[in-house]
Structures are given as C-alpha cells and as structure tokens.
Amino acid sequence: MSDDPRLWAVRGATKARANDPEAVIEATEELVSELMSRNELEPERIVSCIFTSTHDLNAEFPAVAARKLGLDSVPLLCASEIDVPGAMPSVIRALVHYYAPADHAPSHTYLGEAQELRSDLKAAQ
C-alpha cells in the first residue's frame, strides 16, 4: 500500500459520571486520549473534531477538554444529540477527521458503558 496519507474519520463515545464541568472534562479527556493513542494521532494530523453530548450534559463544552490535550489549533465543534426517548443518558460522542497512511485501520473507541452503543464494533471495545 501507498504511504501517501488520506483522510480518515474515527468515532468514539463515553459516559460522564455527572453533569458538572469536571465530570464532562474528565470523560472527554479520557475519550480523546484513547482515540489519539489507539490511532497514533498527533494534533498536527487532525483536521477537525465534532463532539456531541446528550441533552442532560450541559455543564461544559467537551471541546474544553480537547484544548487541554493540545488540540487548541484544531477546529472543534460541540453540538447536542437528538433527544431520543429511551436513549442512553450522559453520553459524549466524538467524530475525529485526520490524515494517516492509506493502509491505516481506524480504531473506533467506545469506553465503559458506552460500549453498549456499538457492540457490533468488536475492535472498539
């Protein structure tokens, strides 16, 4: 395979233990750190990152945690998830766009209880 980089996207999710700034930041830092580690990402290769959170998490923007981890020059966007009845509460999701070699295999990352969201992704567990 070619070493020429191509654009990739990787998904991840986790649950925050509470709706307070510290809990949102802690959960997001863990998720972003795991996504970066599992996909061997450096900030300069990340194109953008979109965070969503369920309607019950509004104490802090997940992007605050990403900036603390060195993604201060990466475009970051936070949005609210659709409030689907019966959906798992307190969830923070991430969609990260980045450049990697053409033979790279994205490692989607679902942590803790959020693993239930994508049990079909065995590599994400």
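Values reported hereafter were calculated over all heavy atoms of this structure, with side chains retained and with hydrogens, waters and symmetry mates removed.
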Would you compute the distance between atom [atom1] of [X] and atom [atom2] of [Y] and round it to the nearest 0.5 angstrom?
X	Y	atom1	atom2	value
E29	T14	CD	OG1	12.0 Å
E34	T109	CD	OG1	6.5 Å
L95	C49	CG	SG	7.5 Å
S107	L35	OG	CG	8.0 Å
T28	R67	OG1	CZ	11.5 Å
R93	I50	CZ	CD1	13.5 Å

- Across all chains, not counting sequence neighbours, the side chain to side chain donor-acceptor pair (under 3.5 Å) partners of E30 are none
- Residues forming a side chain to side chain donor-acceptor pair (under 3.5 Å) with S80, sequence neighbours excluded: none
Does [X] reach the main-chain N or O of [Y] with its side chain, forming a donor-acceptor pair under 3.5 Å?
X	Y	result
N19	N58	yes
N39	L41	no
S37	S33	no

Which heavy atom of [X] sits nearest a heavy atom of [Y], and at what distance?
X	Y	result
A102	W8	O-CZ2, 3.4 Å
C78	P62	SG-CD, 3.6 Å
R11	H108	N-ND1, 2.9 Å
L31	L111	CA-CD1, 3.8 Å
P101	R6	O-CG, 4.5 Å
A65	I25	CB-O, 3.6 Å

- Output yes when K15 and E116 qualify as a salt bridge under the 4.0 Å nitrogen-oxygen rule, no when they do not. no
- Item | Single-linkage hydrophobic cluster, 4.5 Å side-chain cutoff, F61 and L77 together | no
- Joint cluster assignment, L69 & F51, ILVMFWY side-chain distance < 4.5 Å: yes
- Starting from the C-alpha separation in whole Å, work towards a yes-or-no answer on side chain to side chain donor-acceptor pair (under 3.5 Å) for Y99 and H104. CA-CA 10 Å; Y99 283 101; H104 170 74; over 6 Å; no
- Evaluate the side-chain contact (heavy atoms from CB on, under 4.5 Å) criterion for residues E26 and R17: first the C-alpha distance (whole Å), next the side-chain angles of each, then the deciding distance (0.1 Å), finally the verdict. CA-CA 9 Å; E26 178 182 286; R17 60 180 161 69; 3.4 Å; yes
In residues 82-92, what donor-acceptor pairs under 3.5 Å come from side-chain atoms, sequence neighbours left out?
unit_1 : atom_1 : unit_2 : atom_2 : d
D83    : OD1    : H55    : ND1    : 3.0
S90    : OG     : D56    : OD2    : 2.9

- Query: Is any side-chain heavy atom of S48 less than 4.5 Å from a side-chain heavy atom of Y98?
  - Reply: no
- Task: Please tell me if the side chains of P5 and R45 come closer than 4.5 Å, counting only heavy atoms from C-beta onward.
- Result: no
- Query: Will you find, in the side chains of E81 and T54, an N or O donor that is under 3.5 Å from an N or O acceptor?
  - Reply: no
